[in-house]
Amino acid sequence: MPLDIQNRDIKILKFVFACRVASYQQIADRCFVGVHKMNAYRRVRKLCEAGLLKPAVVVRKNSETKYVSVTEKSWSFIREQWPFEVSSPHFKSESPNHDLRFNEILFRFEKLKTFRSFYPENLLQSSQVLSEDQDVRDLVKLQADGALLLNGPDGRRYTYGVEFEISKKTPERYREKLGSYYLAHGINGVIYICSEREIVNSLTRIDKELREDKASILYFGFENEVLKSEGKINFQNAKEHAIELY
């Protein structure tokens, strides 16, 4: 018997597609507020049985996390659910652990009073419309992990590229990425959320090389501090300045 697709199912599929993957718990937290998580898990399993979600497991620190990704079969249900065309959908995550942890960052951003919208990388890379949008088009080219759009207290709109770093990359990779960010238009800066101090130190060194005496556009935060913060989130600038998001 075919599964009767409900509005909440569409919400689940949209969320998973935009983020590439989502854990059962993340789906429960986002789409089943006030509902026992076992009801959420049962619905996710039904969507898997219907071929709309694909289940998998990732292991981190000897602990298993069940997660799902969308299938091409699900696309017919959500392809027109955004206010802009998503013309080239991507369905695969190259790094499920990174993407699952980044979802928690997204949840934290959404609690900001100044929050306007957030485009995860999968949406940025799947929409021709976004690739032409003046606010985020350079972030599409840069393959940013996300685009954070805020309403500032001064009435202005602010756009930040967001990068989530959980493993250290080569200086060449950082040099290429940061150099491109300094050439980008339409953004107010780039927020790097890092898992450890060594990554921040490497990025800071490369940033200093590239900009010399110019103002830095980089702002840093640590994953654990961002997630445990309440109300405001502080990001330190590479030149000892800071931005405070609230």
Side-chain angles (χ1 to χ4, degrees), residues 1-60 63-113 115-131 133 136 140 145-149 151 162 164 227:
M1 181 176 178
L3 183 65
D4 181 24
I5 301 300
Q6 304 168 4
N7 289 335
R8 184 156 52 190
D9 297 328
I10 300 298
K11 185 178 180 181
I12 293 169
L13 296 176
K14 279 187 65 180
F15 167 55
V16 177
F17 172 80
C19 297
R20 290 198 182 101
V21 295
S23 70
Y24 285 48
Q25 184 62 57
Q26 288 169 345
I27 292 172
D29 291 342
R30 189 174 188 87
C31 304
F32 291 83
V33 178
V35 178
H36 195 282
K37 68 178 184 180
M38 292 311 299
N39 292 330
Y41 291 7
R42 278 196 292 269
R43 193 61 187 179
V44 171
R45 285 196 291 269
K46 284 186 177 296
L47 291 171
C48 291
E49 291 167 2
L52 300 176
L53 291 176
K54 180 181 179 181
V57 173
V58 65
V59 178
R60 180 178 175 232
S63 178
E64 289 188 350
T65 297
K66 293 182 178 180
Y67 72 91
V68 292
S69 56
V70 296
T71 65
E72 293 189 27
K73 182 179 178 180
S74 69
W75 187 239
S76 61
F77 294 101
I78 59 175
R79 64 185 309 156
E80 297 180 355
Q81 293 295 319
W82 285 272
F84 50 85
E85 184 181 9
V86 181
S87 50
S88 303
H90 301 283
F91 300 101
K92 185 179 179 181
S93 171
E94 300 296 334
S95 180
N97 180 45
H98 172 281
D99 294 340
L100 289 169
R101 289 165 67 177
F102 192 50
N103 288 349
E104 301 298 325
I105 303 293
L106 166 58
F107 292 164
R108 180 63 187 90
F109 282 148
E110 289 178 333
K111 294 178 182 178
L112 295 170
K113 293 181 180 179
F115 180 83
R116 181 158 64 98
S117 58
F118 187 89
Y119 300 121
E121 183 182 7
N122 206 42
L123 274 185
L124 292 174
Q125 297 301 323
S126 295
S127 173
Q128 180 66 28
V129 174
L130 292 180
S131 72
D133 185 290
V136 299
V140 175
D145 284 333
L148 175 63
L149 283 65
N151 293 313
V162 180
F164 181 44
L227 293 179

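Side chains included, hydrogens not; waters and symmetry mates left out as well; all remaining heavy atoms used. What you see is a predicted model, and the numbers here were worked out from it, not measured in a lab.
For the pair F91 and E72, the minimum side-chain heavy-atom distance is below 4.5 Å. Put simply, the side chain of V16 does not reach to within 4.5 Å of the side chain of Y67, judged on heavy atoms. W82 has its side chain within reach of L123: a pair of non-hydrogen atoms, C-beta onward, lies under 4.5 Å apart. Using a 4.5 Å heavy-atom cutoff, the side chains of I105 and F102 are in contact. With contacts defined as side-chain heavy-atom distances shorter than 4.5 Å, the pair R43/L3 qualifies. Counting only heavy atoms from C-beta outward, the side chains of V86 and W75 approach each other to under 4.5 Å. A heavy-atom distance below 4.5 Å is not found between the side chains of F84 and D133. Between Y24 and K37, every side-chain heavy-atom pair lies at or beyond the 4.5 Å cut-off.
The distance from atom CD1 of I78 to atom NZ of K14, rounded to the nearest 0.5 Å, is 8.5 Å. Atom-to-atom distance recorded for S23:OG and R30:CZ is 12.0 Å, nearest 0.5 angstrom. Taking CG of L112 as the start and CZ of F118 as the end, the distance is 11.0 Å to the nearest 0.5 Å. Rounding to the nearest 0.5 Å places CG of L13 at 9.5 Å from OG of S76. From L106, atom CG reaches atom CZ of F115 across 6.5 Å, with rounding to the nearest 0.5 Å. Here E121 contributes atom CD and F164 contributes atom CZ; the two are 13.5 Å apart, rounded to the nearest 0.5 Å.
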Passes side-chain contact (heavy atoms from CB on, under 4.5 Å), V140 versus Q125? Steps please. CA-CA 6 Å; V140 175; Q125 297 301 323; 4.0 Å; yes

Could you check V21 against V68 for side-chain contact (heavy atoms from CB on, under 4.5 Å), going step by step and ending with a plain yes or no? CA-CA 6 Å; V21 295; V68 292; over 6 Å; no

Going through the checks in order, is the side-chain contact (heavy atoms from CB on, under 4.5 Å) test met by R8 and V35? CA-CA 12 Å; R8 184 156 52 190; V35 178; 4.0 Å; yes

Does the pair D145 and H98 meet the rule for a side-chain contact (heavy atoms from CB on, under 4.5 Å), with working shown? CA-CA 10 Å; D145 284 333; H98 172 281; 3.5 Å; yes

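The main-chain N or O of P96 is never found under 3.5 Å from a side-chain atom of D99 such that the two would form a donor-acceptor pair. Judged by distance alone, with hydrogens and angles left aside, the side-chain atoms of S69 form no donor-acceptor pair with the main-chain N or O of R20 at under 3.5 Å. Using modelled atom types, one side-chain atom of S74 and one backbone atom of T71 make a donor-acceptor pair closer than 3.5 Å. A donor-acceptor pair under 3.5 Å links the side-chain atoms of Q26 to the main chain of L100, judged by distance alone. Side-chain atoms of S126 come within 3.5 Å of backbone atoms of N122 as a donor-acceptor pair (strictly under, hydrogens ignored).
A side-chain hydrogen bond (donor to acceptor under 3.5 Å, both in side chains) with Y41 is found for exactly one of K46, Q25, K66, namely Q25.
Other residues, nucleotides and ligands contribute at most 12 non-hydrogen atoms within 6.0 Å of the CZ atom of R79. Other residues, nucleotides and ligands place no more than 12 heavy atoms under 6.0 Å from the CD atom of E64.
Scanning both residues, C19 and N103, for their nearest heavy atoms gives CB-OD1, 3.2 Å. The two residues K11 and C31 come nearest to each other via the heavy atoms CG-SG, 3.9 Å.
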